[in-house]
Amino acid sequence: MNTYNLAIIGFGGVTRALAQLIVEDPHRIASQGIGLRVVAISDLAMGSLVEPEGIDLAAVLALPRGSTFAGLSGGSGVADNEAIIRTSNADIIAEATFTNPLDGEPAASHVRWALESGKHVITTNKGPIALYGESLKQCAAENGVHFAFEGAVMSGTPVIGLARNLLTGLTVLGVQGILNGTSNYVLGRMETGVSLEDAVAAAQNLGFAEADPGADIGGSDVQLKLSILANELLGASLSPADVATTGIVGVTAEKIAAAAQQNKRFKLIGSAYRNDDGTIVAEVAPVALTADHPLANISGVTNAVSFDTDLLGIVTIAGPGAGRTETAFALLADILAVHAFEGAKVNG
Ligand code: HSE
């Protein structure tokens with residue numbers, strides 16, 4: 001059995017949920033023919049914890065809120081991300097710090113340091129992929145390691161894996177999707193008379209919203225995800241700034257009620273299409289969809305993407321778009337992708 005050493009950078013809701021999965025459901029991982037050992041954790045608020053033989057995750061998860069790692073053996077109150085990424089005995093770095101849509105930092109540096117030091121990277125962080133996806137993939141290839149980011153779009157719902165593995169042989173002409181769980185949840189709550197502010201607060205409590213929920217309702221979260229999908233699935237070279245973006249802030253209760261009168265529902269839609277000349281046009285905007293549209297009944301935190309393909313027409317995948325455990329599953333799927341990558345190296 002291959003046992004992988006994992007270092008976690010950013011110990012928030014998602015990576016805690018991954019730690020919980022490892023502690024509480026070891027059979028799920030063992031049944032895939034691998035072992036997992038967390039050898040380092042680094043977090044801005046908690047500091048660093050390094051244990052080359054494997055951290056006692058149950059003890060870490062039991063720490064009271066607001067604790068740091070300073071009191072634990074191998075622990076310190078100061079987060080030393082670079083040292084852990086470059087010099088720990090980790091095989092895989094799980095990067096899960098906050099998304100910075102402007103320059104992707106510090107996550108982009110974390111990913112680059114890891115790849116340069118020959119470590120696989122798994123991440124849910126949209127910033128580095130949307131901004132520097134091509135060069136990071138190149139860096140991974142040069143260093144003979146895998147760079148996986150299934151959870152960056154639609155949490156654990158395997159949208160990137162599906163398109164890469166199951167749509168092979170088709171030409172994807174365009175994609176259209178609901179890619180933000182928070183804004184979709186908020187629009188649904190507003191349909192029942194809840195205010196935008198109260199609905200956003202509820203989404204924050206449920207763990208869907210970004211650290212800055214302005215990214216959810218302002219559209220920049222979808223802007224990043226759509227850039228990733230367009231680049232990964234349509235072969236585009238878009239940066240987020242190329243995606244014209246309008247969020248849901250201007251969608252008032254009155255507009256929602258007027259749309260309902262016409263049997264329409266507002267959804268925040270990200271779409272990217274290939275023009276006849278090969279250029280890709282991408283846009284994020286609220287759209288009032290008619291009831292027969294495949295995305296009209298995607299409700300709550302559920303996301304969905306419709307692929308417009310040449311031989312099958314429209315193929316739609318729907319599933320969770322956010323959530324701690326759902327996104328932790330994406331990290332597990334990425335770990336299994338690393339395992340498959342290692343297997344392919346061994347088998348030539
Ligand atoms: N804030 C994001 C959402 C989290 O609501 O979809 C997942 O990227």
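Values below: all heavy atoms of this structure, side chains included; hydrogens, waters and symmetry mates excluded. For ligands, and for the atoms within them, numbers begin at 1 and follow the listed sequence.
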Which heavy atom of the protein is the closest neighbour of atom 5 (O) of ligand 1, given with residue, atom name and distance? Thr182 OG1, 2.7 Å
Partner of Asn5 under side chain to side chain contact (heavy atoms under 4.5 Å, CB included), picked from Ile92, Val39, Val38, Leu36, is Val39
Of all the heavy atoms in Ala209, does at least one lie under 4.0 Å from an atom in ligand 1? yes
Under 3.5 Å between some N or O of ligand 1 and some N or O of Phe208? yes
Among protein heavy atoms, which lies nearest atom 2 (C) of ligand 1, and at what distance? Glu210 OE2, 3.2 Å
Can you measure from CG (Asn2) to CG (Asp91) and round to the nearest 0.5 angstrom? 9.0 Å
Enumerated ligand 1 atoms positioned under 4.0 Å from heavy atoms of Lys126: 8 (O)
Would you please say whether a donor-acceptor pair under 3.5 Å links the side chains of Asn125 and Thr99? yes
May I ask you to say whether Glu150 pairs ionically with Arg164, meaning some side-chain N is under 4.0 Å from a carboxylate O? no
Please determine whether the number of non-hydrogen atoms from other residues, nucleotides or ligands lying under 6.0 Å from atom CZ of Phe329 exceeds 12. no
So is Met154 touching ligand 1 or not, going by heavy atoms under 4.0 Å? no
Atoms of ligand 1, numbered as shown, that sit under 4.0 Å from any heavy atom of Asp216: 1 (N), 2 (C), 3 (C), 5 (O)
If you count the atoms of ligand 1 from 1 in the order shown, which ones are under 4.0 Å from a heavy atom of Gly321? 6 (O), 7 (C)
Looking only at protein heavy atoms, which one is nearest to atom 6 (O) of ligand 1, and what is the separation? Gly181 N, 2.8 Å
Is it true that the side chains of Ser155 and Glu326 contain a donor and an acceptor less than 3.5 Å apart? no
Consider only side-chain N and O atoms of Glu134 and Gln138, and report whether a donor and an acceptor are under 3.5 Å apart. no
Numbered in order shown, the ligand 1 atoms found under 4.0 Å of a heavy atom of Lys225 are 2 (C), 3 (C), 6 (O), 7 (C), 8 (O)
Asn81-Ser42 side chain donor-acceptor pair, cut-off 3.5 Å: yes
Ala322 neighbourhood, listing ligand 1 atoms whose heavy-atom distance to it stays under 4.0 Å: 3 (C), 4 (C), 6 (O), 7 (C)
